[in-house]
A.B. asks: 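Can you keep this structure in mind? I'll have questions shortly.
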Amino acid sequence: MDSSASSTPTVTERDQWMVEHQVFQMYDFFVGLPPKAQSAMLELQRENHMKYLIKGLKRLEPSFSVLDANRPWLCYWILHAITLLGECVEPELEDNVVEFLSRCQDPNGGYGGGPGQMPHLATTYAAVNALITVGGERSLSSINRENVYMFLRRMKDPSGPFRMHDAGEIDVRACYTAISVASVLNILDNELVQNVGDYILSCQTYEGGIAGEPGAEAHGGYTFCGFATMILINEVNRLDLAGLLDWVAFRQGRECGFQGRTNKLVDSCYSFWQGGVFALLQRFHSILDEQLALPHSGEGDCTNDSQKTGLNASCPVNLNSIGYNFIKQPAETASLFNSLALQQYILLCAQDIAGGMRDKPGKGRDYYHTCYSLSGLSGCQYSSAKDEDSPPLPSEVMGPYSNLLERIHPIFNVVLEKYYEAHEFFAMS
Amino acid sequence: MDSDEGNAQRVPLSQRPDWSDVTPLPQDDGPNPVVPIAYKEEFIETMDYFRAVYQADERSPRALWLTAEAIHLNAGNYTVWHFRRLILGALDGDLHDELGFIENIAKSNSKNYQIWHHRRWVAEKLGTDATSKELEFTKKILTVDAKNYHAWSHRQWVLQALGGWDDELDYCWQLLEEDVFNNSAWNQRYFVITMSPLLGGLEAMRESEVSYSVEAIVSHPENESSWRYLRGLYKGDIESWVNDSRVSSACLKVLRAAKNNCIFALSTLLDLLCHGLQPSQELRDVVDGLNTSGTNQPDPDLGKTVCSILECVDLMRANYWRWRKSKLPAQAI
């Protein structure tokens with residue numbers, strides 16, 4: 001028995017070869033260019049990206065009707081991308097955002113996909129993150145926190161996880177969006193947190209990654225959501241972190257970008273969902289070490305405490321401080337993925353020269369991929385930075401240093417500066 | 001009440017006598033909305049009438065029809081789907097017809113959360129009457145895209161809630177015959193052997209499953225799915241994984257063939273060593289043979305050697321292998 005190339009390729013093999021062919025064509029072309037031309041290709045097309053983003057904020061074509069129940073997402077994807085680029089939006093437009101999102105806010109709490117729509121956890125997450133990204137008193141005070149809390153309580157299923165909307169689906173995304181919003185608004189409590197960890201744990205698969213529901217396949221989006229949630233509820237030590245790391249490390253392929261699942265295709269959005277997991281892992285090396293040191297470590301429900309991180313399961317912890325303490329803690333500077341390779345994929349393959357970013361060559365640009373490619377790019381640039389006060393070295397930034405984006409908070413995916421402002425604001429309320 | 005296919009022929013709702021009593025409710029976007037969508041006329045009108053019946057909580061046949069219209073225009077509007085369920089409940093609507101409706105929408109929207117959630121709701125109400133239909137439906141979707149995440153989730157839910165496990169292991173086998181790289185099929189296989197009430201559970205199935213995965217490994221060593229599956233068979237019992245000679249001999253076999261696909265074999269060997277495997281001389285020899293990093297003396301710590309090799313042959317993960325090397329158990333093996 002041998003792995004002979006003469007047998008007909010399977011669908012997976014064929015799809016993979018086609019993408020590799022396209023991607024390597026771009027890389028081969030790039031490598032053949034003189035240095036100046038190479039520099040130009042690696043440049044982040046800031047101006048064009050801004051044009052594309054601002055245009056979307058102001059008007060969307062009829063084909064966007066299929067996103068009519070996702071308009072807070074459009075706000076977040078666009079505003080977050082703009083903020084990552086270090087740009088801002090005219091005050092009048094900012095006011096319009098706040099005004100519009102207020103109309104998406106349900107009188108009984110939470111935000112829907114548009115005015116008059118039922119509140120939904122994903123659009124609530126998007127709206128809150130968008131308002132935090134706008135920042136300022138008007139924006140932040142427009143969120144009715146008491147009502148959001150009531151909405152979250154209603155969405156909580158008695159068994160532990162959350163439903164996306166009234167009588168909606170339960171999955172790991174719902175857990176993340178609910179807990180993330182609660183944490184960032186300073187309304188997280190034991191009622192919301194109860195049994196969430198059990199559910200997420202049941203979603204970690206035999207592969208090491210995390211699935212959307214128990215039994216489903218390990219997937220990048222859900223892995224990020226599950227891991228980030230466990231951090232926020234202070235139950236990281238229950239996950240098999242070594243297994244998770246091994247799975248996510250293998251999600252970066254020859255194309256240099258990340259795939260969402262084993263044997264599937266590279267996609268620029270996973271630059272954040274998968275790439276972002278490494279930023280989270282950087283602050284849990286002590287738990288990783290503990291799990292690796294024991295002979296049968298990493299199996300099942302580990303309840304080892306982590307004294308060093310201060311994120312200690314056995315000590316009473318202020319749930320609402322976790323997000324803040326997380327980012328204030330120093331990180332291990334060794335990044336365990338290939339940051340420059342990922343940056344190369346984002347800059348050379350995901351960028352649309354005319355503005356915006358796409359999944360992969362051959363696909364069209366969209367705001368979702370623009371947001372998550374840039375978020376992933378930021379993650380890469382800051383992956384070796386020890387703390388906030390040390391900016392990345394030029395050697396850590398692919399292309400001209402002017403490609404440097406703003407730093408994000410890796411749990412919430414909002415620009416760090418904006419997170420701090422929100423944290424201070426909601427701590428006082 | 002007809003379902004309009006051609007826009008050109010569509011009679012606006014405002015001109016239909018059976019809607020004359022309803023005042024359409026415009027969207028409250030405000031004077032300066034952001035991310036405003038340039039909706040087509042038909043969309044605006046349909047949604048204005050939907051808002052009206054939704055606000056009035058009118059659970060009538062015409063409202064049901066209107067939700068179908070709205071769904072055709074935007075299958076992602078979860079509010080419309082939710083209201084549709086309320087109407088179906090109130091009217092005690094024919095849920096078998098509903099399955100047909102969903103299948104129709106799914107043709108162009110197979111990756112939409114709302115459709116699948118709605119399908120689950122209908123199937124749950126129909127109970128075991130729906131079992132074979134649901135298995136058939138998901139199979140259809142998977143024939144077009146064998147990795148559709150929603151389809152697999154739904155299929156798993158059907159099996160657990162409604163049953164129908166009889167042919168599932170065989171279905172996995174078929175899919176893997178067609179495409180041994182289909183990780184979703186491997187995942188489903190794991191699901192079946194651990195959860196099926198017709199089989200004995202993971203431990204009982206382990207023997208045959210190890211044989212199956214080792215065969216897959218040897219014929220396609222570059223297939224990550226089978227290696228992870230093999231490891232997964234020993235979840236919760238790492239010691240047995242380390243002690244199962246078939247695992248280390250699969251590594252040996254692949255490494256001996258010395259083709260360009262030894263990364264998973266090396267990675268697996270590394271994990272085995274970290275968990276206490278006492279490597280045979282043959283394993284040592286074949287690894288040392290692969291070590292082209294220039295040292296004359298083979299390192300007594302085989303784990304270190306394996307990491308060094310991986311740093312060279314799996315460049316993308318060089319940082320990871322370097323870190324793994326730094327975390328090797330203290331004892332030299």
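Chain identifiers are assigned alphabetically (A, B, ...) following the order of the sequence lines, protein sequences preceding nucleic acid strands; residue numbering begins at 1 within each chain.
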A.B. asks: Could you grab the distance from atom CH2 of W323(B) to atom CG of L288(A), nearest 0.5 Å is fine?
C.D. replies: 4.5 Å

A.B. asks: Under a 4.5 Å heavy-atom cut-off, does chain B meet the side chain of C256(A), its backbone, both or neither?
C.D. replies: both

A.B. asks: When rounded to the nearest 0.5 angstrom, what distance separates NZ in K58(A) from CG in N32(B)?
C.D. replies: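 One gets 11.5 Å once the value is rounded to the nearest 0.5 Å.
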
A.B. asks: Below 4.5 Å from any heavy atom of chain A, which atoms of T194(B) appear? Answer side chain, backbone, both or neither.
C.D. replies: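 For T194(B), neither part sits under 4.5 Å from chain A.
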
A.B. asks: Tell me, side chain or backbone of K147(B) under 4.5 Å from chain A's heavy atoms, or both, or neither?
C.D. replies: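 For K147(B), the contact with chain A is made by backbone and side chain together.
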
A.B. asks: Among all residues two or more places apart in sequence or in another chain, which pass the side chain to side chain contact (heavy atoms under 4.5 Å, CB included) test with N148(B)?
C.D. replies: S110(B), K111(B), I141(B), L142(B), D145(B), H150(B), A151(B)

A.B. asks: Below 4.5 Å from any heavy atom of chain A, which atoms of Y54(B) appear? Answer side chain, backbone, both or neither.
C.D. replies: side chain

A.B. asks: Under 4.5 Å heavy-atom distance to chain A, tell me which part of E178(B) shows up: side chain, backbone, both or neither.
C.D. replies: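 Only the backbone of E178(B) comes within 4.5 Å of chain A.
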
A.B. asks: Determine the minimum heavy-atom distance between N187(B) and G215(A), stating which atoms define it.
C.D. replies: ND2-O, 3.0 Å

A.B. asks: For L315(B), is it the side chain, the backbone, both, or neither that has a heavy atom closer than 4.5 Å to a heavy atom of chain A?
C.D. replies: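 For L315(B), the backbone is the part near chain A, not the side chain.
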
A.B. asks: For side chain to side chain donor-acceptor pair (under 3.5 Å), just list the numbers for N263(A) and N223(B), CA-CA rounded to whole Å, side-chain angles, deciding distance to a tenth of an Å, and then say yes or no.
C.D. replies: CA-CA 8 Å; N263(A) 283 336; N223(B) 182 10; 2.9 Å; yes

A.B. asks: What is the minimum heavy-atom distance between P62(A) and A38(B), and which atoms define it?
C.D. replies: CG-O, 3.2 Å

A.B. asks: Is chain A contacted by the side chain of F264(B), its backbone, both, or neither, given a heavy-atom distance below 4.5 Å?
C.D. replies: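 For F264(B), side-chain heavy atoms alone lie under 4.5 Å from chain A.
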
A.B. asks: Please rank M47(B), H82(B), R324(B), Q27(B) by heavy-atom pairs under 4.5 Å with chain A and give me the top one.
C.D. replies: H82(B)

A.B. asks: Quick one: what part of E61(A) sits under 4.5 Å from any heavy atom of chain B, side chain, backbone, both or neither?
C.D. replies: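 Contact with chain B: backbone only.
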
A.B. asks: With a distance cut-off below 6.0 Å to the six-membered ring centre and an angular limit of 45° from the axis, does R317(B) pair with F337(A) as a cation-pi contact?
C.D. replies: no

A.B. asks: Under a 4.5 Å heavy-atom cut-off, does chain A meet the side chain of W186(B), its backbone, both or neither?
C.D. replies: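 Both backbone and side chain.
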
A.B. asks: Identify which part of A249(A) has an atom lying under 4.5 Å from any heavy atom of chain B, answering side chain, backbone, both or neither.
C.D. replies: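 The answer is both parts of A249(A).
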
A.B. asks: Which bit of R120(B) comes within less than 4.5 Å of chain A, counting heavy atoms only: side chain, backbone, both or neither?
C.D. replies: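 Side chain only.
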
A.B. asks: Between A341(A), G212(A), G168(A), which shows the greatest number of heavy-atom pairs under 4.5 Å with chain B?
C.D. replies: G168(A)

A.B. asks: One pair to check against side chain to side chain contact (heavy atoms under 4.5 Å, CB included): E224(B) and R251(A). What are the steps and the verdict?
C.D. replies: CA-CA 10 Å; E224(B) 188 177 347; R251(A) 302 288 56 81; 2.7 Å; yes

A.B. asks: Where on F181(B) is there a heavy atom nearer than 4.5 Å to chain A: the side chain, the backbone, both, or neither?
C.D. replies: both

A.B. asks: Among D166(A), T205(A), I78(A), which residue has the highest count of heavy-atom pairs closer than 4.5 Å to chain B?
C.D. replies: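 Of D166(A), T205(A), I78(A), D166(A) has the most heavy-atom pairs under 4.5 Å with chain B.
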
A.B. asks: Can you tell me which of Y229(B), F43(B), W152(B) forms the most heavy-atom pairs within a distance under 4.5 Å of chain A?
C.D. replies: F43(B)

A.B. asks: Counting C-beta onward and ignoring hydrogens, is there a side-chain heavy-atom pair between E13(A) and D179(B) closer than 4.5 Å?
C.D. replies: no

A.B. asks: On a heavy-atom basis, which atom in R261(A) and which in S184(B) lie closest, and how many Å separate them?
C.D. replies: NH1-OG, 3.4 Å

A.B. asks: Look at H117(B), R51(B), Q55(B) and state which one has the largest set of heavy-atom pairs under 4.5 Å with chain A.
C.D. replies: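 When all of H117(B), R51(B), Q55(B) are compared, H117(B) has the most.
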
A.B. asks: Please find the pair of heavy atoms, one from N74(B) and one from A69(A), that lie closest to each other, and give the distance.
C.D. replies: ND2-N, 3.8 Å

A.B. asks: Among L67(A), L245(A), N70(A), D171(A), single out the residue with the greatest number of heavy-atom pairs under 4.5 Å to chain B.
C.D. replies: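 Counting heavy-atom pairs under 4.5 Å, the top option is L245(A).
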
A.B. asks: Shorter than 4.5 Å, heavy atoms on both sides: which option in P33(B), A318(B), P36(B) has the most such pairs with chain A?
C.D. replies: P36(B)

A.B. asks: Side chain, backbone, both or neither: which part of S339(A) has a heavy atom under 4.5 Å from chain B?
C.D. replies: neither

A.B. asks: Under 4.5 Å heavy-atom distance to chain A, tell me which part of N112(B) shows up: side chain, backbone, both or neither.
C.D. replies: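 Looking at N112(B), nothing touches chain A.
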
A.B. asks: Quick check, are the ring centers of F278(A) and Y320(B) under 6.0 angstrom apart?
C.D. replies: no

A.B. asks: For R228(B), is there an ion pair with D246(A) - N to carboxylate O distance below 4.0 angstrom?
C.D. replies: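 Between R228(B) and D246(A) there is a salt bridge, with a charged N closer than 4.0 Å to a carboxylate O.
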
A.B. asks: Of all heavy-atom pairs between M316(B) and G253(A), which one has the smallest distance, and what is that distance?
C.D. replies: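 So the minimum-distance heavy-atom pair works out to CE-O, 3.3 Å.
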
A.B. asks: What residues of residues 89-97 of chain A sit under 4.5 Å from chain B when you count only heavy atoms?
C.D. replies: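 Residues in range: L93(A), N96(A), V97(A).
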
A.B. asks: Measure the spacing between OG1 of T10(A) and CG of N182(B) and express it to the nearest 0.5 Å.
C.D. replies: 8.5 Å

A.B. asks: With rounding to the nearest 0.5 angstrom, report the CH2 to CZ distance, W227(B) to F250(A).
C.D. replies: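 Reported value, rounded in 0.5 Å steps: 11.0 Å.
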
A.B. asks: Quick one about E217(A) and N183(B) (side-chain donor to acceptor, distance below 3.5 Å, no hydrogens or angles considered), yes or no?
C.D. replies: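 Yes, E217(A) and N183(B) have a side-chain donor paired with an acceptor closer than 3.5 Å.
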
A.B. asks: Count the heavy-atom pairs under 4.5 Å between each of V11(A), D68(A), L57(A), L74(A) and chain B, then report the option with the highest count.
C.D. replies: D68(A)

A.B. asks: On the ring face of Y113(B), is R173(A) found with NZ or CZ under 6.0 Å from the centre and within 45° of the axis?
C.D. replies: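 Yes, a cation-pi geometry holds between R173(A) and Y113(B).
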
A.B. asks: Atom OG in S65(A), atom OH in Y39(B): separation rounded to 0.5 Å?
C.D. replies: 7.0 Å

A.B. asks: How long is the span from the NZ atom in K235(B) to the CG atom in D240(A), to the nearest 0.5 Å?
C.D. replies: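 It is 8.0 Å, given to the nearest 0.5 Å.
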
A.B. asks: Report the option among A334(A), G208(A), S63(A), A167(A) that has the most heavy-atom pairs separated by less than 4.5 Å from atoms of chain B.
C.D. replies: A167(A)

A.B. asks: Going by residue number, which parts of residues 111-121 of chain A are within reach of chain B, meaning a heavy-atom gap below 4.5 Å?
C.D. replies: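 Within residues 111-121 of chain A, the residues under 4.5 Å from chain B are G112(A), G113(A), P115(A), G116(A), Q117(A), M118(A), P119(A), H120(A).
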
A.B. asks: Any Lys/Arg nitrogen of R103(A) or D29(B) sitting under 4.0 Å from an Asp/Glu carboxylate oxygen of the other?
C.D. replies: no

A.B. asks: For residues 154-161 of chain B, give me every residue with a non-hydrogen atom less than 4.5 Å from any non-hydrogen atom of chain A.
C.D. replies: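 Within residues 154-161 of chain B, near chain A: Q156(B).
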
A.B. asks: Check for a donor-acceptor pair, side chain of R71(A) on one end and backbone N or O of V35(B) on the other, with a separation under 3.5 Å.
C.D. replies: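 Yes, because the side chain of R71(A) sits within donor-acceptor range (under 3.5 Å) of the backbone of V35(B).
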
A.B. asks: For chain A, find which of F191(B), Y149(B), Y190(B) contributes the most heavy-atom pairs closer than 4.5 angstrom.
C.D. replies: Y149(B)

